[in-house]
Novice: 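First the structure, which I've put down as structure tokens, then a few questions once you've had a look.
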Amino acid sequence: MNSQFLSKSSNRRVLTLVIAVAAVAGVIGYYGVTQFGQRQEPKNKEQPTIVVQRVVALGQIEPQTEVIKVSVPATLSNDRVAQLLVERGDRIIVGQTIAILDSRDRLQGLLVEAREQVNLAQAELAQVRAGAKTGEIDSQKAEIARTQAQSLGEERTQRESLAKLEAQWLGDKNVQQAAVSRLAAQLEGDKNVQAAGIKKIAAELSNARSELSRYEQLYKAGAIAQSQYDTKR
């Protein structure tokens, strides 16, 4: 009976010890998890704010010296020069672009449209080549050739117009240079005439002063009357 009592007391002590150790371990684990969670809390940092400032103003484009009027050929009616790529006195070479017409975008759009039509016709030709008839193939080829010829004709017309505009601009430039040379010669001639007139007036003034000095000496000597001296003066 004593042995059974001792055995039951030992078991209770061991069970009590295990429960106490488990409780202590639970407290330590809870404390560690709590501290780890607090350390892992992210800190909210303020991001810098970037302020973009824009400046808006009104402006006006004016020519530096004068407006040069350039007319276009009759073939390009209602077309105007949108941009002049040369200035007065510049040297140009054959084939150099000197101006851009305001119809350039429209003509380029037509060219792009024509090329698209060519590509479409070529695609349709490729689709029908497998089982199409000879007549249909020839018709497609003729349409492609017509479209290509039309595109080349428009390009050739634009080049001819630019060549005419270039020739006209060169002619206007030569006329302006001749007018400048004529005005310079006229100015030089007027300058020489004015210089000669100034010399003549200076000589007359010198003679008049000499004659007045002589009359003054005669008046002081009593050779002439005061009225003659006053008239000469």
Side-chain angles (χ1 to χ4, degrees), residues 55-111 151-233:
V55 178
V56 180
L58 299 177
Q60 183 178 2
I61 300 177
E62 296 181 356
Q64 184 177 3
T65 56
E66 61 181 354
V67 178
I68 300 177
K69 296 182 179 180
V70 181
S71 60
V72 298
T75 56
L76 295 177
S77 60
N78 298 327
D79 282 351
R80 297 181 179 180
V81 176
Q83 184 178 3
L84 189 62
L85 305 179
V86 294
E87 296 180 356
R88 180 181 298 178
D90 291 347
R91 292 183 178 272
I92 61 176
I93 59 177
V94 178
Q96 178 182 351
T97 302
I98 64 171
I100 298 177
L101 300 179
D102 57 357
S103 62
R104 180 189 62 173
D105 296 337
R106 178 176 58 83
L107 295 178
Q108 287 181 348
L110 294 176
L111 179 60
S151 300
L152 292 176
E154 291 177 354
E155 291 181 357
R156 187 178 299 107
T157 301
Q158 187 175 10
R159 291 178 181 176
E160 292 177 354
S161 300
L162 291 177
K164 292 180 180 179
L165 179 62
E166 179 181 355
Q168 184 177 359
W169 181 80
L170 289 176
D172 295 340
K173 179 181 177 182
N174 294 331
V175 172
Q176 291 176 357
Q177 289 180 348
V180 170
S181 301
R182 180 176 56 80
L183 291 175
Q186 183 177 356
L187 178 62
E188 186 67 22
D190 294 342
K191 182 179 178 181
N192 294 332
V193 172
Q194 292 177 357
I198 291 173
K199 291 181 180 179
K200 179 181 179 181
I201 294 173
E204 293 177 354
L205 178 61
S206 178
N207 294 333
R209 287 177 177 175
S210 299
E211 189 173 359
L212 177 61
S213 177
R214 183 171 60 85
Y215 270 76
E216 184 178 2
Q217 293 178 359
L218 293 174
Y219 170 71
K220 290 180 180 180
I224 60 175
Q226 183 178 359
S227 59
Q228 295 180 353
Y229 171 71
D230 294 337
T231 300
K232 181 58 63 175
R233 183 174 58 181

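All heavy atoms count here, side chains included; hydrogens, waters and symmetry mates do not.
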Novice: Between Leu84 and Ile98, which heavy-atom pair has the shortest distance, and what is it?
Specialist: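 The answer is CD1-O, 3.4 Å.
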
Novice: Mind checking ring-ring contact (aromatic ring centres under 6.0 Å, His included) for Tyr215 and listing every partner two or more places apart, or none if nothing turns up?
Specialist: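 If we apply the ring-ring contact (aromatic ring centres under 6.0 Å, His included) test to Tyr215, skipping adjacent residues, there are no hits.
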
Novice: Does the side chain of Val180 reach to within under 4.5 Å of the side chain of Gln177, using non-hydrogen atoms?
Specialist: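 Contact flag for Val180/Gln177 side chains = no.
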
Novice: Find the distance between CD1 (Ile198) and CG (Leu205) and round it off to the nearest 0.5 Å.
Specialist: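 If we round to the nearest 0.5 Å, Ile198:CD1 and Leu205:CG are 13.0 Å apart.
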
Novice: Just by modelled atom types, is the Thr157 backbone N or O under 3.5 Å from a matching donor or acceptor in the Ser161 side chain?
Specialist: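 Present.
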
Novice: For the atom pair CG (Leu110) and CD (Glu155), what is the distance rounded to the nearest 0.5 Å?
Specialist: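 Taking CG in Leu110 and CD in Glu155, the distance rounds to 11.5 Å.
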
Novice: As an exercise, state the distance from NZ of Lys200 to CD of Glu204, rounded to the nearest 0.5 Å.
Specialist: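 The distance works out to 5.5 Å.
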
Novice: Taking all heavy atoms of Leu162 and all of Ala99, pick out the closest pair and write down the distance.
Specialist: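 The pair with the smallest heavy-atom distance is CD2-O, 3.8 Å.
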
Novice: How many angstroms lie between CZ in Arg106 and CG in Leu111, if you round to the nearest 0.5 Å?
Specialist: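 The distance works out to 12.5 Å.
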
Novice: Any salt bridge between Lys164 and Glu160, counting N to O under 4.0 Å?
Specialist: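 Salt bridge flag = no for Glu160 with Lys164.
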
Novice: If I compare all heavy atoms of Ile93 with all of Glu166, which pair ends up nearest, and what's the gap?
Specialist: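 Closest heavy-atom pair between Ile93 and Glu166: O-OE2, 4.0 Å.
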
Novice: So Leu107 and Glu154, do their side chains get closer than 4.5 Å, heavy atoms only?
Specialist: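 No - every pair of side-chain heavy atoms lies 4.5 Å or more apart.
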
Novice: Side-chain contact test, heavy atoms from C-beta onward, threshold under 4.5 Å: evaluate it for Leu165 versus Val81 and give yes or no.
Specialist: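 Result yes, sub-4.5 Å side-chain heavy-atom pair found.
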
Novice: Quick check: closest heavy atoms across Leu212 and Tyr229, and the distance to 0.1 Å?
Specialist: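 Leu212 and Tyr229 have their closest heavy atoms at CD1-CE1, 4.2 Å.
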
Novice: Would you check if Leu218 and Gln228 make a side-chain contact, meaning some heavy-atom pair closer than 4.5 Å?
Specialist: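 They are not in side-chain contact.
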
Novice: Which atom pair, heavy atoms only, marks the closest approach of Arg104 to Gln158?
Specialist: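 That closest heavy-atom pairing would be CG-NE2, 4.4 Å.
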
Novice: Which heavy atom of Trp169 sits nearest a heavy atom of Asp90, and at what distance?
Specialist: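 Minimum heavy-atom separation between Trp169 and Asp90: CH2-O, 4.4 Å.
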
